[in-house]
Amino acid sequence: MAGRRLAESFAEWEYDLLGDQLPWQNWETAAGEDALRAELTDWLLRHAPAPLRAAGAGEELLHRIRLLGLTGPDRWDDPHWPNRGY
């Protein structure tokens, strides 16, 4: 159940996170927002894959989370970059 909810949440957040934005409104300063986004990204990279696999998430979802750990051309040129009009 938790893995399924995590997959649903990431599906809602991925466009913002892959665009280096927080997926919700924030009252923090820009620096505070960057720190929150970095913390969320780090958590997803470290802790999300195991529960997602246990919930039966597909490899494509896991690759999109992996993309959060890449920057610049490494992210944009990755073969798993979602081709969704970015």
Side-chain angles (χ1 to χ4, degrees):
M1 174 78 163
R4 187 175 67 219
R5 180 61 186 132
L6 179 58
E8 292 167 356
S9 295
F10 183 73
E12 292 176 23
W13 300 341
E14 72 175 294
Y15 295 111
D16 293 318
L17 290 173
L18 287 170
D20 295 324
Q21 302 292 318
L22 268 179
W24 54 75
Q25 291 290 338
N26 183 34
W27 296 100
E28 296 286 329
T29 63
E33 185 172 314
D34 288 343
L36 287 172
R37 182 188 47 77
E39 186 175 343
L40 174 59
T41 297
D42 184 56
W43 188 92
L44 287 166
L45 289 167
R46 291 175 185 253
H47 301 288
L52 289 171
R53 280 190 186 95
E59 286 300 311
E60 192 60 34
L61 176 67
L62 296 169
H63 282 300
R64 290 194 315 267
I65 289 175
R66 180 188 56 78
L67 288 172
L68 295 174
L70 304 177
T71 58
D74 289 336
R75 183 184 288 174
W76 315 126
D77 295 339
D78 190 279
H80 292 95
W81 177 254
N83 186 12
R84 298 183 186 172
Y86 283 101

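The figures that follow rest on heavy atoms only: side chains count, while hydrogens, waters and symmetry mates do not.
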(Q) Pair W13, L40 - check side chain to side chain contact (heavy atoms under 4.5 Å, CB included), show working. (A) CA-CA 11 Å; W13 300 341; L40 174 59; 4.0 Å; yes
Gap between atom [atom2] of [Y] and atom [atom1] of [X] - 0.5 Å precision:
{"X": "Q21", "Y": "D34", "atom1": "CD", "atom2": "CG", "value": "8.5 Å"}
{"X": "L45", "Y": "L67", "atom1": "CG", "atom2": "CG", "value": "10.0 Å"}
{"X": "Q25", "Y": "E33", "atom1": "CD", "atom2": "CD", "value": "8.5 Å"}
{"X": "W81", "Y": "D74", "atom1": "CH2", "atom2": "CG", "value": "12.5 Å"}

Where [X] and [Y] come nearest, the two heavy atoms and their spacing:
{"X": "L17", "Y": "P23", "value": "CD2-CD, 3.9 Å"}
{"X": "L6", "Y": "P51", "value": "CD2-CG, 4.1 Å"}
{"X": "I65", "Y": "A48", "value": "CD1-CB, 4.1 Å"}

Q) For the side chain to side chain contact (heavy atoms under 4.5 Å, CB included) test, which of D78, L61, L44 pairs with R66? A) D78
Q: Might you confirm whether atom CD of E12 has over 12 heavy atoms from other residues, nucleotides or ligands at distances under 6.0 Å?
A: yes
Q: Could you note down all residue pairs passing ring pair (Phe, Tyr, Trp, His ring centres under 6.0 Å) where residues 35-59 supplies at least one of them, sequence neighbours left out?
A: W43-H47
Q | H80 side chain near E60 side chain, heavy-atom distance below 4.5 Å | A | yes
Q | salt bridge (charged side-chain N to carboxylate O under 4.0 Å, His left out) partners of D20, counting only residues at least two apart | A | R37, R75
